[in-house]
Protein chains: 2
Amino acid sequence: MVEPGENQATIAESLKSLGLTKYEALVYIALVRVAGATATEIHELSGVPRASVYPVLDRLIQKNLVSVSNTSPKRFNPVRPDEGVDSLMKSIESDAVFAREGLNRIYLECAHLERGDQELIWSIYGEENIRIRLLDLISNATESIRIFFYWGGLRKQIIQVLEEKKNSVSIEVVTDHWEGEIPESMNIWIKKPPRGHDIGPAKSLGGGVFLVDGSKAMVIMGSEEEGTSALYSEARGFVRFFTVYWNFFSSWARKKSQ
Amino acid sequence: MVEPGENQATIAESLKSLGLTKYEALVYIALVRVAGATATEIHELSGVPRASVYPVLDRLIQKNLVSVSNTSPKRFNPVRPDEGVDSLMKSIESDAVFAREGLNRIYLECAHLERGDQELIWSIYGEENIRIRLLDLISNATESIRIFFYWGGLRKQIIQVLEEKKNSVSIEVVTDHWEGEIPESMNIWIKKPPRGHDIGPAKSLGGGVFLVDGSKAMVIMGSEEEGTSALYSEARGFVRFFTVYWNFFSSWARKKSQ
DNA sequence: TAAATGTTGTTATAGCAAAAACAACATGAG
DNA sequence: CTCATGTTGTTTTTGCTATAACAACATTTA
């Protein structure tokens with residue numbers, strides 16, 4: 001019924017990222033379980049030291065998550081959880097809007113201070129971050145997209161974005177697998193990965209090279225052991241290197257298919 | 001141009017409620033101001049101790065708010081502020097959804113544990129909280145609404161809710177002022193507040209009594225000095241007391257108008 | 001070239017504030 | 001009186017903040 005611990009702890013974690021402390025989360029959850037409990041009951045339900053319950057409840061009352069009765073002993077009631085969470089979210093969201101606007105203004109004002117950004121090579125860690133950057137890169141392409149792709153993740157999402165761009169930019173892809181039908185307006189070569197690309201100490205290694213408009217390059221290296229990381233650059237040398245790389249493998253792919 | 005301090009501090013505060021620490025916020029803001037800065041430049045811009053900049057940047061990288069170049073010295077780049085804030089919000093929001101669902105399930109499962117809730121009187125502090133509860137109370141009325149209202153706040157919102165209910169429940173209101181046209185389906189008496197209601201030590205004191213379906217009562221007491229607080233109850237005695245109170249003043253209002 | 005200087009990235013450690021945990025005491029109802 | 005409540009104060013812990021020191025490397029100057 002009221003399944004214990006496991007789930008409860010997770011909810012507490014979630015509440016913490018909404019700005020509550022551990023105790024505030026535990027007390028609130030306890031109160032949701034038995035509305036109208038006394039301080040001592042809350043203490044027993046939540047495991048929070050009895051003396052700590054009072055200041056914690058005070059804070060929850062301030063945050064409009066709890067109300068008090070004027071009986072003796074006092075009893076406490078949670079606001080309906082959906083209302084409570086929503087009201088927390090609303091306040092966070094308004095902060096987010098404020099921060100976004102302020103930062104964006106600063107960002108735009110200072111955009112002119114570009115300092116040879118184009119000459120640098122940026123490292124990106126974490127699949128999520130890479131995903132965002134990569135899709136951003138592809139969907140902002142104006143002329144050409146060249147992809148050399150031997151990696152499991154992101155395949156579907158990339159294909160989806162390419163579908164959207166297929167009529168406005170030139171697309172060429174070398175990969176080992178394609179999901180769905182291949183559109184006529186793209187040049188796709190399906191190839192098993194070349195030898196040398198799955199050798200090495202890594203259990204599962206994959207890679208992808210993305211060239212956009214001949215001026216931007218993103219390279220993804222994924223291994224199960226060390227996580228995924230990527231490089232991005234608009235630097236001449238970097239782009240040229242991977243353009244050569246891509247030319248080599250795309251011609252390899254063409255030959256072998258003939 | 002780049003207006004200083006004042007605004008930045010506020011943005012930093014907002015970022016903190018999105019889960020960043022003070023330093024993380026300051027460093028990120030500095031980076032938005034000059035993208036591609038070195039650690040030392042960030043230190044100078046943000047006021048964060050140079051040695052602290054490194055671990056802070058590590059955390060920001062983990063949170064996908066910053067990427068690194070592999071030059072020497074390293075240079076750092078912020079993700080576009082709107083993307084950054086959005087990605088923070090997204091993660092918070094997913095926590096919120098999770099918490100809301102989990103809590104709501106617990107709440108509904110445990111609803112049967114009602115422990116004579118109806119006999120208690122609940123205190124509610126803070127205008128915002130009172131507002132939510134009051135509007136919730138009124139809009140869930142099924143039979144009757146009786147209001148005795150001598151208070152500035154909330155007038156418009158209450159009227160709005162009443163407009164929506166005017167055809168489904170019986171509405172009677174005694175107050176000192178009405179905004180807009182008085183609908184025919186409501187019984188409204190406009191009266192200056194009775195003597196005794198604005199006496200006392202408080203500079204600006206106001207009150208409101210709300211009786212719903214003859215079984216729920218909410219009483220609001222507002223004073224500029226001590227803030228606003230409210231009582232809510234479904235307790236027999238409490239409701240009866242304020243029903244008598246309301247009967248008395250509504251008959252007073254009727255008489256004087258004839 | 002060699003010594004002096006400065007910068008970067010790292011590590012260690014002390015300080016601090018909020019939260020957590022505990023202990024002691026006053027109160028009030030039965 | 002006795003028990004549970006509500007309050008207060010103190011200690012411990014925790015995570016962020018702040019400072020100092022260091023090795024590695026680059027730059028300057030003699």
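Below, each value reflects all heavy atoms present in this structure, side chains not excepted, and no hydrogens, waters or symmetry copies. Each chain gets a letter, A, B and so on, in the order the sequences are listed, and its residues count up from 1. Computed from a predicted structure; not experimentally measured.
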Between [N] ([atom2]) and [X] ([atom1]): distance, integer Å:
X: A:Leu26; N: C:dA19; atom1: CG; atom2: P; value: 14 Å
X: B:Leu15; N: D:dC16; atom1: CG; atom2: P; value: 16 Å
X: A:Asp58; N: C:dA18; atom1: CG; atom2: C1'; value: 16 Å
X: B:His43; N: D:dA20; atom1: NE2; atom2: P; value: 12 Å
X: A:Gln62; N: C:dA19; atom1: CD; atom2: C1'; value: 17 Å
X: B:Arg59; N: D:dG15; atom1: CZ; atom2: P; value: 12 Å
X: A:Leu57; N: D:dT5; atom1: CG; atom2: C1'; value: 13 Å
X: A:Asn70; N: D:dT5; atom1: CG; atom2: P; value: 18 Å

Between A:Arg236 and A:Ser215, is there a side-chain donor-acceptor contact under 3.5 Å, judged purely by atom types and distance? no
Side chain of B:Ser69, backbone of B:Arg75: donor and acceptor closer than 3.5 Å? yes
Pair B:Phe149 and B:Phe210, ring centroids less than 6.0 Å apart: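 Centroid separation for B:Phe149 and B:Phe210: below 6.0 Å.
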Search all heavy atoms of B:Glu24 against all heavy atoms of B:Gly19 and return the closest pair with its distance.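 Closest approach of B:Glu24 to B:Gly19, heavy atoms only: OE1-O, 4.1 Å.
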Does a side-chain N or O from [X] land closer than 4.0 Å to OP1 or OP2 of [N], or not?
X: B:Tyr54; N: C:dG9; value: yes
X: B:Thr21; N: D:dT17; value: yes
X: A:Lys16; N: D:dG15; value: no
X: A:Thr40; N: D:dT5; value: yes

Rounded to the nearest 0.5 Å, what separation is found between the OG atom of A:Ser87 and the CG atom of A:Leu18?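 Separation between the atoms: 10.0 Å.
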Starting at the 5' end of DNA chain C and moving along, which residue's nearest nucleotide shows up first, A:Ala51 or A:Lys22? A:Lys22
In terms of the nearest nucleotide of DNA chain D, which residue is placed more toward the 5' end: B:Val56 or B:Arg50?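 Final value for this comparison: B:Val56.
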Looking for any heavy atom pair under 4.0 Å, which part of the strands does B:Pro49 touch: base, sugar-phosphate only, or nothing?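 If one applies the 4.0 Å heavy-atom cut-off, B:Pro49 turns out to touch a base.
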Closest nucleotide among C:dT10, C:dA23, D:dC16 to the B:Lys74 side chain: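 That would be C:dT10.
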